[in-house]
Amino acid sequence: MSRTLRVIDGDTASAGPAPGETPLRIAIATNDMEYLGAHFGSAKKFAVYEVWKSGHRFIEAHEFDNVTKQKGKHDDQDDKITPKVEALRGCALLFALAIGGPSAAKIVKAGVHPIKRKEPEPIEAVLEQVQVMLNGTPPPFLRKILGTFDKPSFMDDYAQESV
């Protein structure tokens with residue numbers, strides 16, 4: 001069984017991204033809503049945020065009763081992964097301590113890019129790191145997600161060499 005809590009805010013314009021800036025929706029695997037501290041399959045909750053260059057906001061939390069143990073083995077008779085993949089719809093990134101190959105393949109197929117972290121860390125720190133990525137030069141996978149991925153022009157190299 002899973003539950004979803006959504007935040008409804010009637011005044012979203014005052015604390016949102018700049019006009020024309022599309023926020024990035026991310027999910028964080030957590031057990032306590034304070035730390036990124038869970039493996040994908042064993043996460044009791046996903047905290048979902050929208051992040052943009054100058055801020056972020058909490059959107060929703062998904063809670064799961066039926067989770068796997070953090071041993072890397074899953075019970076084939078009881079599908080615990082599909083509800084989690086469905087809860088990630090609309091997210092661009094998932095931060096987790098670990099994720100198995102079959103689970104990673106399912107979320108990538110759903111359009112979500114998994115990012116594994118080695119150690120637990122505060123959710124606030126993860127949100128700040130995403131903001132830094134958005135303000136700097138995002139990695140290619142993130143530029144593609146944001147729709148700002150420019151293909152290199154070989155003509156630019158040619159023009160510089162002939163000058």
Side-chain angles (χ1 to χ4, degrees), residues 1-9 16-17 21-53 55-134 136-151:
M1 177 180 189
S2 65
R3 291 175 290 287
T4 300
L5 166 71
R6 286 191 177 89
V7 175
I8 299 173
D9 186 4
E21 184 180 9
T22 303
L24 184 67
R25 188 173 280 228
I26 69 166
I28 300 171
T30 181
N31 289 323
D32 61 8
M33 297 298 292
E34 291 184 32
Y35 284 86
L36 179 168
H39 294 216
F40 174 76
S42 67
K44 294 177 184 171
K45 299 173 179 131
F46 288 151
V48 179
Y49 290 82
E50 285 184 342
V51 184
W52 55 93
K53 290 181 179 183
H56 61 269
R57 68 176 155 226
F58 174 76
I59 299 297
E60 61 193 11
H62 299 280
E63 185 175 14
F64 306 95
D65 291 334
N66 199 7
V67 298
T68 64
K69 294 180 175 65
Q70 289 188 185
K71 297 187 188 237
K73 296 183 180 179
H74 302 284
D75 181 2
D76 293 335
Q77 294 178 343
D78 192 12
D79 185 8
K80 299 171 183 165
I81 300 303
T82 300
K84 290 187 172 193
V85 173
E86 291 171 358
L88 293 173
R89 298 263 182 224
C91 292
L93 305 175
L94 165 70
F95 290 86
L97 290 181
I99 184 169
S103 296
K106 284 183 180 183
I107 68 164
V108 167
K109 186 176 180 181
V112 181
H113 185 87
I115 298 177
K116 293 191 292 185
R117 294 298 174 96
K118 292 181 182 191
E119 299 291 328
E121 58 187 300
I123 287 175
E124 193 66 32
V126 175
L127 297 171
E128 289 171 6
Q129 292 164 19
V130 173
Q131 281 180 250
V132 168
M133 276 195 297
L134 293 173
T137 304
F141 76 88
L142 190 52
R143 289 194 308 255
K144 185 176 179 181
I145 291 168
L146 295 169
T148 59
F149 186 75
D150 295 326
K151 294 183 180 177

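What's counted below: heavy atoms across the whole structure, side chains too, no hydrogens, waters or symmetry copies.
- Shortest non-hydrogen contact noted between V112 and C91 is CG2-O, 3.3 Å.
- The heavy-atom pair separating I26 from I28 by the smallest distance is CD1-CD1, 4.2 Å.
- The shortest distance between side-chain heavy atoms of E63 and M33 does not fall below 4.5 Å.
- Without hydrogens or angle criteria, E21 side chain to W52 main chain gives no donor-acceptor distance under 3.5 Å.
- At least one side-chain heavy atom of P139 sits under 4.5 Å from a side-chain heavy atom of M133.
- P17 has its side chain out of reach of T22: every pair of non-hydrogen atoms, C-beta onward, lies at least 4.5 Å apart.
- Of the possible donor and acceptor atoms, none in the side chain of R57 sits under 3.5 Å from a partner among the backbone N and O of E50.
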Inset, instruction - Kindly determine whether L93 and V51 satisfy side chain to side chain contact (heavy atoms under 4.5 Å, CB included), including the steps that lead there. - result: CA-CA 11 Å; L93 305 175; V51 184; over 6 Å; no
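- Atom OG1 of T30 is separated from atom NZ of K44 by 10.5 Å, given to the nearest 0.5 angstrom.
- For K84 (side chain) and F40 (main-chain N/O), a donor-acceptor pair under 3.5 Å exists by modelled atom type.
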Inset, instruction - Take I107 and I81 through the test side chain to side chain contact (heavy atoms under 4.5 Å, CB included) and record every step on the way to the result. - result: CA-CA 10 Å; I107 68 164; I81 300 303; over 6 Å; no
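- The nearest pair of heavy atoms linking I123 to A47 is CD1-CB, 4.2 Å.
- R25 has its side chain out of reach of R89: every pair of non-hydrogen atoms, C-beta onward, lies at least 4.5 Å apart.
- Judged purely by atom type and a 3.5 angstrom limit, H62 uses its side chain to pair as donor or acceptor with the backbone of A87.
- Applying the side chain to side chain contact (heavy atoms under 4.5 Å, CB included) test to Q129 and every residue at least two apart in sequence or in another chain returns R117, E121, A125.
- For Y49, the ring-ring contact (aromatic ring centres under 6.0 Å, His included) partners are F58, not counting sequence neighbours.
- Atoms OG1 and CZ, on T137 and R143 in that order, are 7.5 Å from each other to the nearest 0.5 Å.
- In this structure, CG in L24 is found 10.5 Å from CG in L127, a value given to the nearest 0.5 Å.
- Heavy-atom minimum distance, H39 versus A29: O-CB, 4.4 Å.
- The aromatic rings of F46 and F64 lie perpendicular to each other, with more than 60° between the two planes, well past the 30° mark.
- Across L88 and A27, no two heavy atoms sit closer than the pair CD2-CB, 3.4 Å.
- Considering all non-hydrogen atoms of both residues, L36 and F95 come closest at CD1-CB, 3.4 Å.
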